Amino acid sequence: MTDDADPTARNRLDDEESPYLRQHADNPVNWQPWDQRALDAAEEQDKPIFLSIGYAACHWCHVMEEESFQDEDVAELLNEHFVPIKVDREERPDVDSIYMSICQQVTGRGGWPLNAWLTPDGDPFYVGTYFPPEPKRNAPGFRQLLEDIAGSWSDTEEREDMEERARQWTDAIESDLEETPDRPGDAPEEGVLENAASAALRGADREFGGWGRGQKFPQSGRLHALMRAHREGGRDAYREVVEETLDAMADGGLYDHVGGGFHRYTTDREWVVPHFEKMLYDNAELARVFLTGFQFTGRERYRETARETLEFVERELTHPDGGFYSTLDAESEDEDGEREEGAFYVWTLEAVEEAVAEHGPDAGLADDEVDLAADLFCDRYGVTPSGNFEGTTVLTLRTPVEELADEYGRDQDDVEELLSAAKSAVFEAREQRPRPPRDEKVLAGWNGLMVSAFAEAAIVDSVSWADTAVDALDFAREHQWDEDSGVLRRRFKDGDVRIDGYLEDYAFLARGAFDTYQATGEVDHLAFALDLARTIEEEFWDDEEETLYFTPASGESLVARPQELADQSTPSSAGVAAELLLSLDHFVDHDRFESVAAGVLGTHSNRIESDPVQHPSLALAADTYRSGSNELTLAAESLPDDWRETLAATYVPRRLLAPRPPTDDALVSWLESLDLDDAPPIWAGREARDGDPTVYACQSRACSPPTHSVAEALEWFGE
């Protein structure tokens, strides 16, 4: 039988562009991509599907590959008795969410690799995460598990039991992911924000910052809720939790103190040892929350942390033509050429001393300062002989500069200069190490998150950051957006563009485009955001169920059509979409965007009110719906420097900037580009006065008098 007749006769992953799938292209397992040919083969051969889901930077995915998927005997079992399918969860989050749902329901936990056994029509009947090759710690051995499942499938009675379980599990998936209440209510009341902040406060780790008593993950949505609630008159403890958490993330091993940027999470409660992969979405959301943290607290170190994070993204995760790559792996080669987690990032005393000795002079250190600079660096970042991670040290901020100045009898400015030179030397030495592999696919949604971060930095830090945001939007419009059909493609890799976008792709990228309009005052970005929003309404909004689904109506039919309501590693796409549509409602001549947002918030109001900590994006959208945006219409050719300085330094919850040309004559071309006959209320009648840049502050259809001072306009919101 030829490969054309039987696609399962060979490993087909070498035809794929996904870096994760290509990692498995040389396995003896005859891996198939998730496509119709593979699914049809399972039906025709009456074989169960073995589905394995992971991503390129997944440590335990690498482990299971080495232990099992490269094993010839295991491969023989998989090839003979199953149709083995590999899925990159970053490319197909819809497939991942479906089978992760049942994994969490059945086992009480999730993670990757996610391994599921399915009937030929896709219904799951056995599921788990990492399986060791031999039984270990109550986990079955993978080879024996394959033999047992294959045997049961060939037994008529046992197969009936498996198929019945598959039906029950599929019903459970549908209930978990598709369910909407029979009688949707109204959007949550104005107290939703206080409820979210109060719940976040109750669950906060007040000793070490963040949430949880084991692994620590970033929780940007909760921090935004706490900041907004505090500014609206909430408790001082809200502010304390924000500062405790931002400090913990910036001081600990989650943050890369040499090269900037954040790792995925820490394996311990104290924020010391990270899982070293770096994800684009984490760095996008954390850059935004640190920029907001600067405005909220006035602490410059938060803005500096965001700035260094964006510099890292520009340096290491940016496509030459714009757009952003997805991840850096946790593993890289050590000195012996072995792949080790964290090898690129960890240090020993000797390695620091060698780095400063070799590169310190180029960083401005005099010969008699080299040893001192190395000692200061080690004290500052906690580098010790025993280390804190397998005999090496993950850098953390351990000793304040003031204490170092006292201990070494040096002026504080001198200590900071020596530390800066040492850090530069260590960075240069690290650049000589084998680099972590990079997943170079460009995902529309994740790019949208990063565009928003750069756009926000253009407001809060330097307007120059807007150039990177614009380049990324231009990349998406050129390579991933089909203007004629209104279809956005999720993934670009080496010129190959595939997969119709999901709600997160449209919502995140539209938010990025809208944020770039706010930062630049360029109407083309607003137009792009509106185009994407129209497709959200057409493809993802279900008028009968009054909800936004994660997959498009015209997309592939799976065992369930999921919704994404809770914030996870990325914000809830439904929550981001709802808040985005409320913002864009100001710029259209209909009320459908607001109606969609209100419908989503009403349908899921019980979920938001009963568990706001898991739904902060929806809670924030509900607050915007109830309280209204704080609108600033800016009528000017360009923003005066003092306006920019004021906006940069001021925290404004629910801020909506609406720049427009200074005259109505100049506004005409904007209206034409947006296909509007008349100016929307947010622009109408709001020309520049007396020939000078003019600002109008409005909320809930009430407006301040026009003024030439942004500071004065902002004061109006507090009256």
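What you see below is based on every heavy atom in this structure, not just the backbone, and it leaves out hydrogens, waters and symmetry mates. What you see is a predicted model; the values in this text were computed from it and never measured.
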Partners meeting ring-ring contact (aromatic ring centres under 6.0 Å, His included) with Phe475 (sequence neighbours left out):
His319, His479, Phe492
So, using ring-ring contact (aromatic ring centres under 6.0 Å, His included) as the criterion, who are the partners of Phe454 when residues are at least two apart?
Phe324, Trp465
Of His615, Glu609, Glu546, Gln563, which meets side-chain hydrogen bond (donor to acceptor under 3.5 Å, both in side chains) against His604?
Gln563
Flag for Trp112-Asp96: side-chain donor and acceptor within less than 3.5 Å
yes
Between Arg490, Glu564, Arg92, which is the residue that forms a side-chain hydrogen bond (donor to acceptor under 3.5 Å, both in side chains) with Tyr502?
Arg92
With a distance cut-off below 6.0 Å to the six-membered ring centre and an angular limit of 45° from the axis, does Arg231 pair with Tyr651 as a cation-pi contact?
no
Could you work out, with ring-ring contact (aromatic ring centres under 6.0 Å, His included) as the rule, every residue matching Trp34, not counting sequence neighbours?
none
N/O donor-acceptor pair under 3.5 Å between Glu178 side chain and Pro562 backbone:
no
For the pair His590 and Phe593, name the ring-plane relationship: parallel under 30°, tilted 30 to 60°, perpendicular over 60°.
perpendicular
Under the rule for ring-ring contact (aromatic ring centres under 6.0 Å, His included), what residues qualify as partners of Phe290, not counting sequence neighbours?
Phe262, Tyr302
Can you confirm whether the side chains of Thr694 and Arg686 place a donor and an acceptor under 3.5 Å from each other?
no
Set of side-chain contact (heavy atoms from CB on, under 4.5 Å) partners for Asp176, sequence neighbours left out
Ser101, Gln105
For Gln168, what residues pass the side-chain hydrogen bond (donor to acceptor under 3.5 Å, both in side chains) criterion, not counting sequence neighbours?
Glu164
Tell me yes or no: between the side chains of Arg228 and Thr624, is some donor less than 3.5 Å from an acceptor?
yes
